[in-house]
Enquirer: 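Handing you a structure now.
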Amino acid sequence: MDNNKKTIEEKILDAEESVIDPDVSATEGGAASSIEETAETVAHEESPAVTSAEGKPAAADDDDGFTDEVDLSQEIAAQDEKKVEEAKPAEPTIDLYKEEEAKEEDPAAAKKELEEKSALLETEEDLQAIEAARQVFYSFYKKASRIKWIVTVLMIVIVAVAWIVPSFIQTGVDEEGNAVGLPTEVTLGIGIGGIVLMLAILLGFNVYYKKRVEKAMSDYFNSYYTANDDYVFGGLVSDRTGNVDCKIKDTDLTDAGLYRDVFKVGSRDAIEFTYNGHKALYCDCSASVKGQKSLATVFVGKMMRIDNDFQGNELLVYLKGNKRALPPTTLEGRNLIEDTKTTLVYGEHDSKRLLTKEVRNAIANITTDSILVDLSILVKPGKTYFFFGYEDSLMVLPYDKPFDPKPTMHLKEDTRKTFALVDALDKAISHLN
């Protein structure tokens, strides 16, 4: 009897604990239900058992021999498990984008900006060369388009004449004096001949037109990138080689390990040069993965890879951008060192030592905005990678509208800041070695 009473008291204490503990009282129907269930159990256990005529306990209705007694062990275990789960801290949320302030359109500011663009084109020879090349290409393209339309109309006229005119040609009169035209097979032959002639001329013209446009476009692209690279890298690098037709190998991008399951790599203007004794590769490039129905872009912009003497664990610095940014797809699982409003830093203890005051200042000088959307800086043993996510205003060549020099000037400034960061990293690496 004493043991049974002790068990009852323990159960009442457990029920009281569930009232005191707010975590438990908020679950499984609340404290009131816990107390009521426990009280019912106690009442059931204190009530006299039903006995048989011989004074022995009567058998339960269940054939298995189990009684109706309520077992609180499962409920208590479930509550304890719930406490442990709720005690675990939630995973911190990482915001991959920085906050952007809304800007109101100002017509006066837009007009002033247009005037500034015109003034810039008058002072920078390399930028003038880009606009001059654009005008040449656009002028040719408009002229070629007009010629194409004229040729198309002429082809339609040829077909119409071949089918309509023969039906009006008379070769004589019959016995009754009625006009006699060309035989049907001749009329049909002339019509078919007109179609064949049209197709032959159209095919030949299209081949000629396509070659002329491709050559004009190639000349424009070459002029654009030559002037662009002269402007951006002039006086900064040496031994520069490559042109717009040069491409990178897929591994030049995928070896960085920033983008998962890359299926296709596109590139142009892959140039190589030497900066401060380090060999570098620089290009326009994009990376895509297989989507459900089509390819999905995971990166588009400019990439630079430059040699280094680093021998530790890799360090990744990601400069956040706006909602159009495409962050690296392999951030999950990396060791997060820092998370600020503008920057994410991933790495290990030894790689964090790269972040000297000079390196941090150099990184802070690079700002993401509406042109430089985001930037990934990856330092690995032997190689440092820079993935610049640029907006279309820089990546898409101007065509029917005048060249806007501001994105290219932005690129030049970004490049100089990047080389300053390379210098700072060199010093930090030399101290570690």
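Values below: all heavy atoms of this structure, side chains included; hydrogens, waters and symmetry mates excluded. Along the sequence shown, residues carry numbers from 1.
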Enquirer: Let's go through L397 and Y224 carefully: what are the C-alpha distance in whole Å and the side-chain angles of both, what is the deciding distance for side chain to side chain contact (heavy atoms under 4.5 Å, CB included) to 0.1 Å, and is it a yes or a no?
Expert: CA-CA 8 Å; L397 273 64; Y224 176 94; 3.9 Å; yes
Enquirer: Is the backbone N or O of D229 less than 3.5 Å from a side-chain atom of R240, with the two atoms forming a donor-acceptor pair by type?
Expert: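 Yes, because the side chain of R240 sits within donor-acceptor range (under 3.5 Å) of the backbone of D229.
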Enquirer: Do V359 and L354 pass the side chain to side chain contact (heavy atoms under 4.5 Å, CB included) test, and can you show the C-alpha distance, the side-chain angles, and the key distance before you say yes or no?
Expert: CA-CA 7 Å; V359 169; L354 284 172; 5.8 Å; no
Enquirer: For K302, run the side chain to side chain donor-acceptor pair (under 3.5 Å) check against D269, D284, T415 and tell me which one passes.
Expert: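 Exactly one candidate clears the test, D284.
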Enquirer: Before accepting this row, confirm whether a basic side-chain N of the pair K279/E272 lies closer than 4.0 Å to the acidic partner's carboxylate O.
Expert: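 Answer for the salt bridge query: no.
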Enquirer: Are there more than 12 heavy atoms of other residues, nucleotides or ligands under 6.0 Å from atom OH of Y399?
Expert: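 Yes, enclosed.
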Enquirer: Centre-to-centre under 6.0 Å for Y259 and F387, is that the case here?
Expert: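 Yes, the ring centres sit under 6.0 Å apart.
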Enquirer: Scan side-chain atoms only and decide if D374 and Y318 contain a donor-acceptor pair under the 3.5 Å cut-off.
Expert: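 Their side chains do contain a donor-acceptor pair, which is all the 3.5 Å distance test asks for.
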Enquirer: Could you tell me if Y225 and D230 have a donor-acceptor pair between their side chains, going purely by distance under 3.5 Å?
Expert: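 Not at all, the side chains of D230 and Y225 share no donor-acceptor pair under 3.5 Å.
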Enquirer: Between H278 (side chain) and I306 (backbone), is there a donor-acceptor pair under 3.5 Å?
Expert: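 No, because the side chain of H278 does not come within donor-acceptor range (under 3.5 Å) of the backbone of I306.
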Enquirer: Kindly say whether L372 contributes a backbone atom to a donor-acceptor pair with the side chain of D369 at under 3.5 angstrom?
Expert: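 Such a contact is found between D369 side chain and L372 backbone.
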Enquirer: Between R305 and Y282, does any side-chain donor sit less than 3.5 Å from a side-chain acceptor?
Expert: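 Side chains of R305 and Y282: no pair found under 3.5 Å.
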Enquirer: With side chain to side chain donor-acceptor pair (under 3.5 Å) as the test, would you mind laying out the steps for N313 and S351 before giving the verdict?
Expert: CA-CA 6 Å; N313 291 310; S351 55; 5.9 Å; no
Enquirer: Is the terminal nitrogen or CZ of K412 (NZ for Lys, CZ for Arg) located under 6.0 angstrom from the six-membered ring centre of Y231 and within 45° of that ring's axis?
Expert: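 Geometry flag: set, cation within 6.0 Å and 45°.
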Enquirer: Has the side chain of T343 got a donor or acceptor atom that lies under 3.5 Å from a matching backbone atom of L319?
Expert: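 No, T343 side chain to L319 backbone: no donor-acceptor pair under 3.5 Å.
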